[in-house]
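Lettering of chains follows the sequences in order, A, B, ..., and the numbering in each one begins at 1. Note that these values count all heavy atoms, side chains included, but never hydrogens, waters or copies made by symmetry.
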Number of protein chains: 2
Amino acid sequence: MAKQRSAAAQERLQQIVDAAVEIINEDGYSGLSLQAVADRVGITQPGVLHYVGSKKGLLNEVIEYYYDTHDGAVEYLKLFEPGQLFEGKQPKIPEYCRLLVEQNAGRRELVMLFQVLNTEAISPKSPAHEYFNKRSRNISNPEVDHHWAVPAGVDAQLTASCAMAAMYGLEGRWLARPDEIDYMAEWAKWEDVLFPLPLWEGYR
Amino acid sequence: MAKQRSAAAQERLQQIVDAAVEIINEDGYSGLSLQAVADRVGITQPGVLHYVGSKKGLLNEVIEYYYDTHDGAVEYLKLFEPGQLFEGKQPKIPEYCRLLVEQNAGRRELVMLFQVLNTEAISPKSPAHEYFNKRSRNISNPEVDHHWAVPAGVDAQLTASCAMAAMYGLEGRWLARPDEIDYMAEWAKWEDVLFPLPLWEGYR
DNA sequence: GTCTATACAAAGATAGAC
DNA sequence: GTCTATCTTTGTATAGAC
């Protein structure tokens, strides 16, 4: 009985988070109001506060949700760790990127959420500032070495960092003009720029 | 007499725009309040409205200011047009990018403004949506052909588009963590990724 | 768990005095 | 050109009933 109630509450919370994500994608976190969330969920504004405590609390829930949902392509890298399927082999940057793009292409809303929050988090005043900085560091930090398989003379970390930046930039265009830009198709073309072919033969 | 008044008014407007840019960089356009602008300028909130008419009007002034100030690297391309200094020669993508990065490195505030407004403009609800979409199209549109000098077999338009996206991504990291990231130095390294050296010899 | 009622602050905008 | 005064709406948050 208690379990059923808790499950219902969990679902309510999920509804609230979903609504918040939609609104953030339209108006940003600054433009988000608890009343707007309440309206979409179909309860009152104090009803929303009952679940998240405060507006900041709602953002925390949203970020947590994002974190839980969005880290799927990391699975690829795990396959190369000791004791896993591809132990001994090395992951390839282009392959990893392709996987990420493919995945993101089907999660437009989540990609948008990331871009919006990430940009608002540029400002130190943003409640998400610390969180996104830490996250960004993981991408561009030289310490993060996945032992990529790359052609001789190529700096793996540099290439990966640059590729992720280009991906981010392309995502922005795709989000703003989904009808004009084919995210996956465009990325496929960019592979020839980032990983030119005689050189990267066998490393893609 | 009338001219002096007009000059003073023009300066006031500039103060207002400057204040707005600062605040947008901290809180975004959604988080911008006319009162906050008024406080920084040292007049009242209706005083601000007297100059810009409405909040949307203020945004228009800000965008106009950005447009007037931020398009300096286009000068480089003009040098290659008929009747100009480098007529007959061809512009180089890496050189153009280097110029742009160099310029942007000294205009952190303006770069931030662009990223913040550009991201908010992802949403069709944003008052700047149309403006930034048009702008983005100019970067990624195949019609914009500057007759770049590129190595044989290289797709100039594709390379330029990808490079601009990578630059945008790098800018985002630099803006969020200026102490950790050296924008120009990092871009210099990325040149080896985007324009690898045996191939691009003489085209940089 | 959800509601009503309410407090309180801040938003954008207008009217009109000086 | 700048102000005060004011209207109206919207924001976050709390208290307490059901």
Starting the side chain at C-beta, find the nucleotide from D/dA15, C/dT2, C/dG12 nearest to A/Tyr51. C/dT2
Mapping A/Gly53 and A/Gly31 onto DNA chain D by nearest heavy atom, which one lands closer to the 5' end? A/Gly31
For A/Ser33, which contact category applies under a 4.0 Å heavy-atom criterion: base, sugar-phosphate, or nothing? sugar-phosphate
Between C/dT2, C/dT4, D/dG1, which nucleotide gets closest to the side-chain atoms of A/Arg12? C/dT2
Do the side-chain N or O atoms of B/Thr44 get closer than 4.0 angstrom to the phosphate oxygens (OP1, OP2) of D/dC3? yes
Just by distance, with hydrogens left out, do A/Thr69 and A/Arg107 show a side-chain donor and acceptor under 3.5 Å apart? no
Donor-acceptor contact below 3.5 Å, side chain A/Arg204 vs main chain A/Glu95: no
When you match B/Gly42 and A/Gln35 each to their closest nucleotide on DNA chain D, which lands nearer the 5' end? B/Gly42
Once hydrogens and angles are ignored, does a donor-acceptor distance under 3.5 Å link the base of C/dA13 to the side chain of B/Gln45? yes
What is the distance, to the nearest angstrom, from the CG atom on B/Asp39 to the P atom on C/dA10? 11 Å
Nearest-Å distance for atom pair CG/C1', residues B/Leu49 and C/dT14: 9 Å
Output the single nucleotide from D/dG1, D/dC3, D/dA15 whose closest atom is nearest the side chain of B/Ala9. D/dG1
Length of the line joining B/Lys55:NZ and C/dA10:C1', which is rounded to integer Å: 12 Å
note: A/Tyr29, atom OH; D/dG11, atom P; distance rounded to Å ~ 14 Å
Hydrogens and angles aside, do B/Glu109 and B/Asn25 bring a side-chain donor and acceptor to less than 3.5 Å of each other? no
Here the distance between atom P of C/dA13 and atom CG of B/Leu58, to the nearest Å, is 10 Å
Determine whether the side chains of B/Glu64 and B/Asn60 contain a donor N or O and an acceptor N or O closer than 3.5 Å. no
Pick base, sugar-phosphate or nothing for B/Leu34, based on heavy-atom distances below 4.0 Å to the nucleic acid. sugar-phosphate
Rounding to a whole Å, what distance do you find between B/His50:NE2 and D/dG1:P? 5 Å
Can you find a side-chain donor-acceptor pair between A/Ser30 and B/Ser30 that sits under 3.5 Å? no
NA contact type, A/Ile43, heavy-atom cut-off 4.0 Å: base, sugar-phosphate, or nothing? sugar-phosphate
Sugar-phosphate, base or nothing in reach of B/Leu32, heavy atoms under 4.0 Å: sugar-phosphate
Grab the CG-C1' distance between A/Leu13 and C/dT2 for me, whole Å please. 15 Å
